[in-house]
Amino acid sequence: GCEGMFENEKVTTAQLVAQYKDEVMALAKYLPYFEKKSGASVMSSYVPENASATTMRIPTYDSTLLAFVKDADKSIFMDRNYDYVYKKYSIRSVNDEMRMIQRATIREMNVFGAILSKYIMRGRTKGAVWNEGVVNGIYYALILRMKELIEFWDMPYHDLEELK
């Protein structure tokens, strides 16, 4: 976890950009996919041949979503203590998640991490959760916002400001 870091104001914005830029850009390649899929389920139930009415349906996921889950899972953003962030900011619904995504600053990358972690980690035991993050637009909003923050602060102008 990178909790302690955020309380430390001595970390410059430039350092945060350096730490997160590659990680954010790696996830940003999924933006077109999530934009296209927002509001659409990417989970289909696979019914085995000679299935009876009682046969368990096996959820299957589209390969892009699985690739994203794998990349997110090994990213800097995974935080087993995501619940702590949810409590701290009183995040209780998708609307709360969306509001935090819009409000969080580059100094609150742990908020993005917590929201992403919730979906990825809960999805390990309940696969449908991975799909929810696509349908409700959370992955799209979250990655887009992180990308905007990185691009905004990754400007030569800001480095000059911090040296004053």
Side-chain angles (χ1 to χ4, degrees), residues 1-42 64-65 67-124 126 128-164:
C2 37
E3 290 83 45
M5 231 188 75
F6 296 97
E7 273 74 75
N8 178 0
E9 283 300 311
K10 290 191 189 72
V11 176
T12 66
T13 308
Q15 283 170 308
L16 288 171
V17 168
Q19 187 182 355
Y20 287 105
K21 187 179 181 178
D22 292 346
E23 299 267 348
V24 170
M25 293 313 164
L27 297 181
K29 66 174 188 275
Y30 294 100
L31 280 172
Y33 166 81
F34 288 132
E35 185 174 31
K36 210 167 66 218
K37 293 286 183 184
S38 282
S41 176
V42 288
T64 308
L65 176 57
F68 167 73
V69 165
K70 218 163 107 185
D71 284 351
D73 210 353
K74 56 174 201 268
S75 74
I76 197 174
F77 299 109
M78 286 303 102
D79 176 9
R80 275 196 298 282
N81 303 316
Y82 66 83
D83 254 357
Y84 165 78
V85 176
Y86 269 67
K87 285 192 184 76
K88 181 179 168 185
Y89 293 97
S90 309
I91 305 172
R92 295 190 190 88
S93 65
V94 175
N95 282 344
D96 292 342
E97 288 171 344
M98 282 294 191
R99 204 182 59 245
M100 281 311 300
I101 287 168
Q102 298 315 324
R103 280 192 8 210
T105 69
I106 194 145
R107 295 213 156 264
E108 294 164 309
M109 295 300 274
N110 59 327
V111 170
F112 299 112
I115 296 170
L116 189 57
S117 297
K118 185 199 93 170
Y119 283 89
I120 300 300
M121 290 178 176
R122 283 192 190 168
R124 289 178 196 158
K126 184 172 176 268
V129 177
W130 289 340
N131 190 49
E132 277 166 31
V134 179
V135 177
N136 65 20
I138 284 288
Y139 299 143
Y140 179 71
L142 183 121
I143 297 166
L144 186 65
R145 181 74 182 128
M146 289 197 299
K147 183 174 179 277
E148 284 170 355
L149 286 170
I150 293 291
E151 285 172 350
F152 177 78
W153 290 106
D154 194 23
M155 303 276 270
Y157 157 80
H158 292 293
D159 297 342
L160 297 173
E161 284 300 295
E162 290 203 333
L163 293 173
K164 279 182 186 165

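- Judged as a side-chain hydrogen bond (donor to acceptor under 3.5 Å, both in side chains), and not counting sequence neighbours, the contacts of T105 are E108.
- With rounding to the nearest 0.5 angstrom, the CD1 atom of I115 is 6.0 Å from the CD1 atom of I138.
- When the ring-ring contact (aromatic ring centres under 6.0 Å, His included) test is applied to F112, no partner is found at least two apart in sequence or on another chain.
- For the side-chain hydrogen bond (donor to acceptor under 3.5 Å, both in side chains) test, residues two or more places apart in sequence or in another chain that qualify with Y119 are E97, N136.
- Looking at K29, its side chain does come within 3.5 Å of a backbone N or O of A26 through a donor-acceptor pair.
- Under the ring-ring contact (aromatic ring centres under 6.0 Å, His included) criterion, Y89 pairs with no residue at all, not counting sequence neighbours.
- Smallest separation of non-hydrogen atoms from L144 and L31: N-CD2, 3.6 Å.
- E148 meets the salt bridge (Lys or Arg N to Asp or Glu O under 4.0 Å) test with R145; sequence neighbours excluded.
- Taking the side-chain contact (heavy atoms from CB on, under 4.5 Å) definition, one finds that R80 meets it with M121, sequence neighbours left out.
- Residue pairs meeting the salt bridge (charged side-chain N to carboxylate O under 4.0 Å, His left out) criterion with at least one partner in residues 12-27, sequence neighbours excluded, are K21-D154.
- Taking Y82 as the reference, R122 meet the side-chain hydrogen bond (donor to acceptor under 3.5 Å, both in side chains) condition, with sequence neighbours excluded.
- Side-chain contact between L149 and Y20: absent, with no pair of heavy atoms (C-beta onward) separated by less than 4.5 Å.
- Smallest separation of non-hydrogen atoms from A72 and L116: CB-CD2, 4.2 Å.
- Applying the side-chain hydrogen bond (donor to acceptor under 3.5 Å, both in side chains) test to K36 and every residue at least two apart in sequence or in another chain returns nothing.
- Checked against salt bridge (Lys or Arg N to Asp or Glu O under 4.0 Å), D73 has the following partners two or more places apart in sequence or in another chain: R124.
- Legend: residues meeting side-chain contact (heavy atoms from CB on, under 4.5 Å) with K70, ordered by chain and number and at least two apart, are absent.
- The structure places CG of N131 at 10.0 Å from NZ of K37, a figure rounded to the nearest 0.5 Å.
- In terms of the salt bridge (Lys or Arg N to Asp or Glu O under 4.0 Å) criterion, K87 has no residue partners (sequence neighbours excluded).
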Checklist entry - Stepwise, does the ring pair (Phe, Tyr, Trp, His ring centres under 6.0 Å) test hold for F68 with Y139? => result CA-CA 10 Å; F68 167 73; Y139 299 143; 4.9 Å; yes
